[in-house]
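We number each residue from 1, following the sequence as shown. Whatever order the structure lists them in is the order used to number ligands and atoms, beginning at 1.
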Amino acid sequence: MAKINPLLFAIFIIILIPNISLSCPQHQKEALLQFKILALRYLSSHIDFFKPFDTWNNNFHADCCQWSGVACSFITASKQVVTGLNLNSFISGSISEYATCSLDSHSQNIVLSSHVLTPLFHVRTLEFFFISCNNIQGEISGIGLSNLTALVELDMSHNMFNGSIPPQLFSLRHLKSLSLDFNFFHGEIPVEIGNLTNLQELSLSNNKLAGAIPPALCRLKKLQVLHLQYNLFSMAIPAVIGNLSDISTMLLNDNHLAGEIPLTMQKMGQLMQLNLENNLLSGEIPAWMFHFRNLGELKLGGSQFVWKNTSIVPKSMLSVLSLRSCGASGLLPLWLSNQTSLSYLDLSVNNLVGNLPSWLTKLKLTHLILSDNKFSGSLPPILFQSKLKNIDLSRNNFSGNLPDNIPYTISLEILKLSSNDFSGPIPISISEALFLRFLDLSKNRFSGNKFPSFEKLLFVDLSSNKLSGGIPLTFSPLVVTLVLSHNQFSGVLPQYLKDLYKLQCLDLHDNNITGNIPAFLFQISSLRILNLRNNSLEGSIPNNLSNATLLQILDLSNNKLSGKVPSSLGNLSAVIHNSDGSFFNFFSPKCDVNYRLPDPLFKLLHQSWTSKQFDSFYDSWLCTSLIISVEYPNLEVIWKTSKRDLPQHHLDMYTLLDLSMNQLSGEIPHTLGGLKSLKVLNMSYNKISGKIPATLGDVDSLESLDLSHNNLSGEIPNTFGKLLQLAVLELNNNKLTGHIPNGPQMDTLNDPNFYANNSGLCGMQIKVPCDPEAPPKAKPAEKSESKEAWFSWEMAAIGFPSGFLSTVISLYVIGYFSVAPRRPGRRHV
Ligand SMILES: *[C@@H]1O[C@H](CO)[C@@H](O)[C@H](O)[C@H]1NC(C)=O
Ligand SMILES: *[C@@H]1O[C@H](CO)[C@@H](O)[C@H](O)[C@H]1NC(C)=O
Ligand SMILES: *[C@@H]1O[C@H](CO)[C@@H](O)[C@H](O)[C@H]1NC(C)=O
Ligand SMILES: *[C@@H]1O[C@H](CO)[C@@H](O)[C@H](O)[C@H]1NC(C)=O
Ligand SMILES: *[C@@H]1O[C@H](CO)[C@@H](O)[C@H](O)[C@H]1NC(C)=O
Ligand SMILES: *[C@@H]1O[C@H](CO)[C@@H](O)[C@H](O)[C@H]1NC(C)=O
Ligand SMILES: *[C@@H]1O[C@H](CO)[C@@H](O)[C@H](O)[C@H]1NC(C)=O
Ligand SMILES: *[C@@H]1O[C@H](CO)[C@@H](O)[C@H](O)[C@H]1NC(C)=O
Ligand SMILES: *[C@@H]1O[C@H](CO)[C@@H](O)[C@H](O)[C@H]1NC(C)=O
Ligand SMILES: *[C@@H]1O[C@H](CO)[C@@H](O)[C@H](O)[C@H]1NC(C)=O
Ligand SMILES: *[C@@H]1O[C@H](CO)[C@@H](O)[C@H](O)[C@H]1NC(C)=O
Ligand SMILES: *[C@@H]1O[C@H](CO)[C@@H](O)[C@H](O)[C@H]1NC(C)=O
């Protein structure tokens, strides 16, 4: 962001304000006022909330050097010109030196066109130009930029600029600092970049830049900081990069770079920060990588590097070390105990073994990430008294109780111990971790019916343990995800759940919850996922779902629900329209990774802020805390025919309505036909009667429909021929009759089990010809069509159901199959 020290910038402004009234040049003032007018045009509808240009008054005597965000310098004893503009975050109401990019709910919706900048290109004396965090969209005018020949520092980061980087930029040869991070620039970095020989900082991260890293970069002899992370750069890192002998920070992570680390990088003697994570780089991590004397931050995880010799001792004091997924084995290297400055350690996804040594807690660690290894033994109690904020020991072989006789540290924010062998109660003293926000204790053997206070938590996963008693009553009204599934919880759904106004996911499946489904559950308007499968709930399904506008996964199967299927289910708007995609908003460009307020402030502000301020702050807080913890608990549902863990950060792709295995009666409401985005509908094993409504053929997205084991009668509606995504159609064990409809996809659904045990179905799908004398439902033309189909049914049988295929492909794309189906088999008895 702002490259010059903001304090210096402020002093710079103050010193340069003249005592004598020397105004800035008239034409520069006019240019600035022109800019103000253009910008206000975009802000006008929001101008009640903030007044960024308050000091930019246009009376004749006004001196623009005194306006906020404007800096001037004397070029002669009596003449000054505008040399600096700090317009960071002006759309969020103030022009501040500390750009946070945490746009509030008003400014998030404002988008400015890059034309607003046109007048500013007339201020040719500009040396500093900062305009980050303003939602400016469109291409940057290269001709305009080429006017600003005096520029030394340019910061246009955190906007929505697109197109390629304008070549004229490379004629600004005084540039020392250039930042275009967090935009949508694409194309390659032009070789002309080598012309900016004064450049000390080059930041192009978080764009869509591609191609190779140009070897011309090595001409930037003064370069100290290079940020190219989160782009699409590919091919090998050019060997000449080693000629950047002054470089201290090099972040190339999250690209598609391949090949080995060039040997020449040994020459980068000033290197302090190196991040090559998440590329396609390979080869053994060379010994010299640990020989840089000033190296403080080393991140090489998530590529295909091999860290063979773990006993090479670094020659520097590291503060950050990440060697995730580098094939390391053996014990934790002992030299780590001498790394007394280490605060961030990520050695996850390796084959490390042994106990967690207690010397770890003597380091200054704030992040300890050792998930997916083979560590074992119990945890040293002192671990919870250290300065650690983030502990992730998931998927190891740790065992024993969590210590309860010690005060838990106040600094702990994230604790993930999933998939180990821990047992005993959840320690009551965990409540002392006042800033704990994320607790994942799933897939262990925790037991007991007494719980600590969970008042501070936003993400709770206690699933797959042996917890019992009533559902704990101490969750925060701000909790977002509450997963208590697969335990032995009992009792009714507590009333206070209706106060959880941020709740997006409530998962209580596989417990023994009793009583009715209270109507208030559906008044939690933030709710997207409600999973109550396999409990002992009875009574009817509440009929008023008008407030459940975001609900997209509703699983009430395997309970004792009775009564009718409410017709209001057809009003679930998230299932009608495609989801708005704002689920958790994890990777929104507005989630600024660098934005972070210290937590004690969080508490203070919470008390004094208005709810609007709080909500906007809360969202950015959520962004940061979520980005830290890349993995979220998965959601377990029956997707089509088998149990699946759906990855939470892609959940907006899924819509599901499962009411199976209850005692529901009455007819299928025809309103369900309105659920255009519904992909899975399961009402099997109920007592539903009447006809299948023809409207179901309107559910275009439907991939799996299971109505088996009911009392349905009449014919299968012809409208089913329109369903092109359908891959599973279970209609067996009903009283259906007549002709199974034809259609491009229907013709492929020829598994006889789909239709077994009915009262007289016919059709080419089950090789039962329909009686030609039967009531002529179909016109003669249609009949001949079905005859043709009858002839070619064998062809159809070997064809793939296209809907199924498209889903499989998209699931591959999102990495769905990294989680194998846990219990395949179509009947869940
Ligand atoms: C460059 O600056 C001059 C003088 O202020 C101005 O007249 C001209 O229009 C500017 N060119 C562009 C492309 O903005
Ligand atoms: C840049 O964004 C604008 C506005 O969204 C769009 O009209 C234009 O086509 C985009 N240009 C490029 C090169 O993508
Ligand atoms: C880069 O420098 C070369 C020679 O120094 C010059 O010919 C060329 O025009 C420059 N390119 C740009 C875009 O300034
Ligand atoms: C890189 O530096 C070496 C000497 O350190 C020099 O011989 C070589 O020419 C330089 N390469 C480039 C492309 O500047
Ligand atoms: C690992 O590195 C250490 C220190 O450089 C060296 O003494 C040892 O021989 C190396 N071990 C292997 C197996 O290469
Ligand atoms: C830690 O540092 C001390 C002093 O520098 C040294 O004697 C000792 O061998 C080191 N221990 C390890 C495990 O590297
Ligand atoms: C896990 O640890 C237990 C002892 O606590 C041991 O018996 C078992 O073999 C370990 N399992 C694995 C997979 O390492
Ligand atoms: C229902 O949940 C219980 C645990 O509460 C579990 O033992 C059982 O297997 C589950 N039944 C089904 C069909 O999943
Ligand atoms: C569920 O709870 C009810 C009432 O508390 C009890 O009768 C029933 O046996 C329990 N079912 C299971 C599977 O534990
Ligand atoms: C439904 O939601 C609205 C606002 O989203 C709220 O004002 C109203 O009280 C809710 N209705 C009920 C019955 O809770
Ligand atoms: C459903 O609840 C809303 C408030 O959430 C209320 O305004 C509406 O009248 C209710 N509708 C029915 C049919 O009960
Ligand atoms: C569903 O929505 C329609 C139109 O928005 C409305 O008329 C109807 O009352 C709603 N039905 C229920 C049961 O809420």
Side-chain angles (χ1 to χ4, degrees), residues 24-35 38 64 75 81-83 85 113-127 129 131 138-151 154 166-169 171-172 266 283-292 305-316 323 326-336 338-339 447 449 465-471 484-494 508-517 532-539 557-561 661 828-829:
C24 63
Q26 189 64 23
H27 68 277
Q28 297 198 331
K29 185 166 125 188
E30 274 162 20
L32 294 182
L33 284 172
Q34 192 67 37
F35 165 73
L38 286 179
C64 71
I75 45 170
V81 294
V82 176
T83 51
L85 276 181
S113 151
S114 55
H115 296 304
V116 296
L117 302 181
T118 309
L120 298 180
F121 296 131
H122 295 208
V123 187
R124 304 186 65 166
T125 49
L126 276 185
E127 293 169 20
F129 183 23
I131 192 147
E139 294 174 46
I140 297 181
S141 153
I143 304 171
L145 263 187
S146 65
N147 240 9
L148 305 183
T149 49
L151 269 188
L154 178 61
Q168 291 89 342
L169 196 52
S171 57
L172 309 178
Q266 287 181 77
E284 196 174 333
I285 296 173
W288 52 259
M289 191 55 88
F290 297 93
H291 293 169
F292 296 110
F305 287 127
V306 184
W307 187 28
K308 260 198 196 137
N309 192 341
T310 57
S311 53
I312 297 167
V313 184
K315 295 215 165 115
S316 61
L323 294 165
C326 288
S329 53
L331 300 173
L332 265 189
L334 200 54
W335 54 258
L336 280 171
N338 268 358
Q339 287 286 338
S447 57
N449 56 10
N465 280 292
K466 296 179 171 171
L467 303 169
S468 55
I471 294 173
L484 305 176
S485 55
H486 214 90
N487 277 290
Q488 290 149 22
F489 286 114
S490 55
V492 300
L493 289 164
L508 299 172
H509 79 265
D510 291 358
N511 279 293
N512 191 15
I513 313 279
T514 49
N516 293 346
I517 299 182
L532 300 175
R533 190 177 77 229
N534 188 16
N535 279 287
S536 303
L537 293 161
E538 46 195 21
S557 65
N558 205 352
N559 278 288
K560 298 172 187 158
L561 298 170
M661 295 199 274
H828 29 91
V829 187

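- Below 3.5 Å of separation, one finds no N or O of S536 facing any N or O of ligand 9.
- The aromatic rings of H486 and H509 sit perpendicular, their planes meeting at an angle over 60°, well past the 30° parallel limit.
- Within ligand 9, the atoms closer than 4.0 Å to a non-hydrogen atom of N512 are 1 (C), 2 (O), 3 (C), 8 (C), 10 (C), 11 (N), 12 (C), 14 (O), numbered from 1 in the order shown.
- Applying the side-chain hydrogen bond (donor to acceptor under 3.5 Å, both in side chains) criterion to S447, with sequence neighbours excluded, gives no partner residue.
- Every atom of ligand 1 with a heavy atom of N147 under 4.0 Å away is listed here by number and element: 1 (C), 2 (O), 3 (C), 8 (C), 10 (C), 11 (N), 12 (C), 14 (O).
- Among residues two or more places apart in sequence or in another chain, the side-chain contact (heavy atoms from CB on, under 4.5 Å) test is passed with Q488 by K466, S468.
- The protein residues lying under 4.0 angstrom from ligand 5, judged by non-hydrogen atoms, are N309, S311, I312.
- Looking only at distances, a side-chain donor or acceptor of N535 sits under 3.5 Å from a matching main-chain atom of N511.
- The distance criterion of under 3.5 Å between nitrogen or oxygen atoms is not met by H27 with respect to ligand 1.
- Not one N or O on the side chain of N512 forms a donor-acceptor pair closer than 3.5 Å with the backbone of F489.
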### Task
Apply side-chain contact (heavy atoms from CB on, under 4.5 Å) to F292 and S316, showing your working.
CA-CA 7 Å; F292 296 110; S316 61; 5.6 Å; no
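- Listed for the Q28 side chain is a donor-acceptor partner under 3.5 Å among the backbone atoms of V82.
- Legend: residues meeting salt bridge (charged side-chain N to carboxylate O under 4.0 Å, His left out) with K308, ordered by chain and number and at least two apart, are E284.
- Which parts of ligand 1 touch F121 is read off a 4.0 Å heavy-atom cut-off, strictly below it: atoms 1 (C), 2 (O), 14 (O).
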